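Here the structure is laid out as structure tokens; the discussion comes afterwards.
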Amino acid sequence: MSTNLKYLSLGILVFQTTSLVLTMRYSRTLKEEGPRYLSSTAVVVAELLKIMACILLVYKESKCSLRALNRVLHDEILNKPMETLKLAIPSGIYTLQNNLLYVALSNLDAATYQVTYQLKILTTALFSVSMLSKKLGVYQWLSLVILMTGVAFVQWPSDSQLDSKELSAGSQFVGLMAVLTACFSSGFAGVYFEKILKETKQSVWIRNIQL
């Protein structure tokens, strides 16, 4: 992969992550007449788009042959129910996590949410050490400590926040608990999924369709 393509991919990822958070926050706090959309509906639509994208990628890998695509999906998914069942745990956790993110953004501002949610890096590292027997170097552990310190400082109340503490304490606590739970679920599900990928020869796109 060329250097330009790497930086382009990084830029697209940053734009996608930032715009997603801002859009979700705006949609959950917009004051309009009528009922607000259900977060579960948004989660289902997102998963449908993901499965469509994965099917298109498998179709491309099958040399754009519908017959080959149908055979791959039949052999790898329908004929291997136990392999699909292995992903019931991470899929359930991801469902919980995605719904919790909407709860978090309904109760926290976008900046606080984005910084706090980076704790998933810490939880992923801890689960990687315990479940995959990975070893982290001194600088990696130091980076995680700095990350935790930064999140702690973000949560430290300022003078302006103290004035409205009584009014917003309840909702901020709910949002904080939601995003922390999402961090732990994201770390565990991600490492569990990685473990499954390493133990089988199926492509990541097939595994995502099963997921």
Side-chain angles (χ1 to χ4, degrees), residues 13 16-17 20-21 24 28 37-59 61 69-108 113-136 140-141 144 147-148 151 173-211:
L13 178 62
Q16 183 265 335
T17 304
L20 175 64
V21 172
M24 288 172 63
R28 299 307 290 175
Y37 71 90
L38 297 174
S39 59
S40 56
T41 302
V43 171
V44 169
V45 172
E47 294 305 316
L48 288 175
L49 292 174
K50 288 178 186 178
I51 196 171
M52 288 172 60
C54 290
I55 289 175
L56 285 175
L57 289 168
V58 175
Y59 174 70
E61 289 182 348
L69 171 64
N70 183 62
R71 185 173 63 253
V72 169
L73 295 179
H74 187 272
D75 293 343
E76 298 294 337
I77 297 178
L78 296 180
N79 287 347
K80 296 180 179 179
M82 294 308 297
E83 290 296 321
T84 303
L85 192 60
K86 286 181 181 179
L87 293 170
I89 294 176
S91 63
I93 293 175
Y94 278 131
T95 301
L96 172 65
Q97 171 195 331
N98 290 333
N99 281 279
L100 284 174
L101 295 183
Y102 281 94
V103 175
L105 278 168
S106 299
N107 296 281
L108 295 174
Y113 160 84
Q114 186 74 314
V115 174
T116 308
Y117 192 46
Q118 298 313 305
L119 280 177
K120 66 182 179 179
I121 299 173
L122 172 64
T123 59
T124 301
L126 294 176
F127 283 119
S128 294
V129 170
S130 60
M131 295 174 62
L132 301 178
S133 299
K134 286 188 176 180
K135 295 188 185 225
L136 301 180
Q140 291 172 314
W141 284 114
L144 293 174
L147 173 65
M148 284 193 306
V151 173
F173 178 78
V174 171
L176 184 59
M177 288 299 101
V179 74
L180 289 178
T181 304
C183 287
F184 277 96
S185 64
S186 175
F188 176 79
V191 173
Y192 185 92
F193 189 50
E194 181 182 350
K195 184 178 177 66
I196 290 177
L197 287 176
K198 288 183 176 180
E199 292 175 350
T200 59
K201 295 181 179 180
Q202 288 176 308
S203 72
V204 66
W205 310 123
I206 291 293
R207 281 303 193 182
N208 272 292
I209 292 173
Q210 291 174 323
L211 187 65

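Everything numeric in this text was worked out from a predicted model, so none of it was measured. The first residue of the sequence shown is numbered 1, and numbering continues consecutively from there.
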*asked:* Any non-hydrogen side-chain atom of Val191 less than 4.5 Å from a side-chain atom of Thr124?
replied: yes
*Under 6.0 Å from the CE atom of Met177, do we count more than 12 heavy atoms belonging to anything else shown?*
yes
*Between Leu57 and Asn208, does a side-chain contact (heavy atoms from CB on, under 4.5 Å) hold up when you go through it step by step?*
CA-CA 11 Å; Leu57 289 168; Asn208 272 292; over 6 Å; no
Quick one: [atom1] on [X] to [atom2] on [Y], what's the gap to the nearest 0.5 Å?
X: Leu211; Y: Ile89; atom1: CG; atom2: CD1; result: 12.0 Å
X: Leu73; Y: Arg71; atom1: CG; atom2: CZ; result: 11.0 Å
X: Tyr192; Y: Tyr94; atom1: OH; atom2: OH; result: 12.0 Å
X: Leu101; Y: Leu108; atom1: CG; atom2: CG; result: 11.0 Å
X: Ile55; Y: Ile206; atom1: CD1; atom2: CD1; result: 9.0 Å

*asked:* Taking Tyr113's backbone N and O only, do any of them form a donor-acceptor pair with Thr116's side chain (distance below 3.5 Å, no angle check)?
replied: no
*So, are Lys134 and Glu194 salt-bridged, with charged N and O less than 4.0 Å apart?*
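A salt bridge links Lys134 with Glu194.
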*Scan for salt bridge (Lys or Arg N to Asp or Glu O under 4.0 Å) pairs involving residues 39-58, sequence neighbours excluded, and state none if there are none.*
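Salt bridge (Lys or Arg N to Asp or Glu O under 4.0 Å) check on residues 39-58 returns Glu47-Lys50.
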*Option among Gln202, Arg207, Gln210 that satisfies the side-chain contact (heavy atoms from CB on, under 4.5 Å) test with Ile196*: Arg207
